[in-house]
Amino acid sequence: MARAAIRRRLTWRIATVATITRESDTARRLALRIDDWDGHLPGQHVDVRLTAPDGYQTQRSYSIASAPETPTVDLVVQRVPGGEVSPYLVDELRVGDELELRGPIGGYFVWHPDTDSPLQLAAGGSGVAPFLAVLDHHAAIRSSVPVRLLYSARSLGDVIGRDRLDGHAGRGVSVTIALTREQPPGWRGLRGRMDAEAIREHTTPADALPRVLLCGPTSFVEAVADGLVAEGHPTTAIKIERFG
Amino acid sequence: MAFVSRGFLGRSGTHRGTGELPPGQYDVGDGFPVLSAGPTPRTATEDWDFTIDGEVAERARWTWQEFRSLPREDVVVDIHCVTKWSKFRTAWSGVSLDTLLAAVDTSAEYAVAVSDGGYTTNLPLEDLVDGRAWIVDRYEGEPLAAEHGGPARLLCPHLYFWKSAKWVRGLRLSSTDEPGFWETLGYHDYGDPWREQRYAGD
């Protein structure tokens, strides 16, 4: 089904902003209403195109942060200081505004729930967005696949989707959060950047043959991918999506 | 009436309105984003070679030392990634594919670039000749970093940058067009940024 979906010609369509909710100090969830949306797989993304009055256009890609079961298509956008598109989406866009986009795109960085292999997710910063879709879908279909999420953010205020992640932790998903720059008093999660020991202790062992999805900035992704390869995970089991 | 994004003006970037930015792209400035689908392979130069095989009279192969002793070219080009960033005036150094392809006798019309880590991408052979493509091993005067494709990558800057395969180890020539990694996954077979050929059907 996914293969068929990505084969179809991708046309631009108009989405309407249904709700905007706060996901972190700098991130917002834009819930979009899109007529005739044919569904998507967790991990896929959309291309958003903005057009200025003088006709200037620019595009960016955003992961879909909502499960296919959700009636809206949600994007989680984190404001990049000095950015051209993210400050517009976070600060300027209002409920009822229209947004031009096309998708769903991508048949590689996706979770196929039809496999029994355990799933190891690792996210840096706003790289958690596609995993919110994965985890919500995992919950919606009552999947028995064991899932672990290792999530690195700068501070507690930067953690995206905290309530949702708490909910997933409550139904048995192993969620480990590392705060790299600033930890609140009494913080019991991990501190600092990912190192070999943190990766070894807080990810699914290689002998359990997990499928691995990594998403985040390059420094994070490189560190975790190298750590997992050193732990014996085959490179072919590790799928990566990165930005910056 | 054409769609306008309410309240969006866009940045008055250095390349906006100059005709140098392909449709939908933005100027990433000094940054150099890294995109790849799996872990970064790390091949030592003593284990590296470059091979041209497939539909050739006799395959050609260069060790790292042999490759390094070939005539070199310095190229300064603009590059355009399908994920929307463009980077202007990037400086590379390497060997022209005209030089490498002169070593084989072929009537093939297509090539698949084959990389460490299993990545592949397909290109028409005519896009790799006449001074339009190189195997580069230096960027901005330094050895090419592994995350950017080192020891060596393909540089074919007139197509979207996924065609410029990182960690490239060879070309497989063929009379038929064989889709590569991203091309199999719904990306455009040819990938001309000026015609915005991002995805199949564009």
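Letters A, B, ... mirror the listed sequences (proteins, then strands); counts begin at 1.
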Sequence-distant partners of A/Arg33, salt bridge (Lys or Arg N to Asp or Glu O under 4.0 Å), two or more places apart: none
Short side-chain to backbone donor-acceptor contact, B/Arg11 and A/Val85, under 3.5 Å: no
Residue A/Arg102 versus chain B: region with a heavy atom under 4.5 Å: side chain
More than 12 heavy atoms of other groups within 6.0 Å of B/Glu140 CD: yes
Close side-chain approach of B/Leu9 and A/Tyr88, heavy atoms under 4.5 Å: no
Criterion salt bridge (Lys or Arg N to Asp or Glu O under 4.0 Å) on A/Arg9 and B/Asp202, from CA distance to verdict: CA-CA 7 Å; A/Arg9 185 160 192 268; B/Asp202 280 354; 5.0 Å; no
More than 12 heavy atoms of other groups within 6.0 Å of B/Arg132 CZ: yes
From CA spacing to verdict: side-chain contact (heavy atoms from CB on, under 4.5 Å), A/Phe109, B/Leu185: CA-CA 10 Å; A/Phe109 190 80; B/Leu185 288 163; over 6 Å; no
Spacing of CG belonging to B/Leu35 relative to CD1 belonging to A/Ile240, to within rounding of 0.5 Å: 11.0 Å
Side chain to side chain donor-acceptor pair (under 3.5 Å) partners of residues 228-240 of chain A, not counting sequence neighbours, each pair once: A/Arg200-A/Glu231
Neighbour count above 12 (heavy atom, 6.0 Å) for B/Arg6 CZ: yes
Distance in Å, B/Phe3 CZ paired with A/Glu98 CD, rounded so as to fall on 0.5 Å steps: 5.5 Å
B/Lys84 and A/Thr58: CA distance, side-chain angles, deciding distance, side chain to side chain donor-acceptor pair (under 3.5 Å) verdict: CA-CA 8 Å; B/Lys84 322 296 182 315; A/Thr58 195; over 6 Å; no
Heavy-atom side-chain contact between B/Pro39 and A/Val221 under 4.5 Å: no
Toward chain A, the part of B/Trp182 with a non-hydrogen atom under 4.5 Å: side chain
Heavy-atom pairs under 4.5 Å with chain A, option from B/Gly10, B/Gly38, B/Gly7, B/Ala37 with the top count: B/Ala37
Greater than 12 external heavy atoms within 6.0 Å of A/Arg22's CZ: yes
Residue, of A/His45, A/Glu92, A/Gln57, that accumulates the most heavy atom pairs under 4.5 Å with chain B: A/Glu92
CZ-OG distance between A/Arg242 and B/Ser36, expressed to the nearest 0.5 angstrom: 3.0 Å
Under 4.5 Å from a heavy atom of chain B, the part of A/Arg49 involved: backbone
Residue part contacting chain B, namely of A/Tyr108, when any heavy atom lies under 4.5 Å: both
Under the side chain to side chain donor-acceptor pair (under 3.5 Å) test, residues paired with A/Tyr62 that sit two or more places apart: none
More than 12 heavy atoms from other groups under 6.0 Å of CD on B/Glu66: yes
Structural part of A/Leu228 lying under 4.5 Å from a heavy atom of chain B: neither
Spacing of OG belonging to A/Ser61 relative to CZ belonging to B/Arg198, to within rounding of 0.5 Å: 7.5 Å
Residues of residues 40-55 of chain B near chain A, each having a heavy atom less than 4.5 Å away: B/Thr40, B/Arg42
Residues A/Gln59 and B/Glu196: side-chain donor-acceptor under 3.5 angstrom: yes
Aromatic ring pairing A/Tyr56/B/Phe8, orientation class (parallel under 30°, perpendicular over 60°, tilted between): parallel
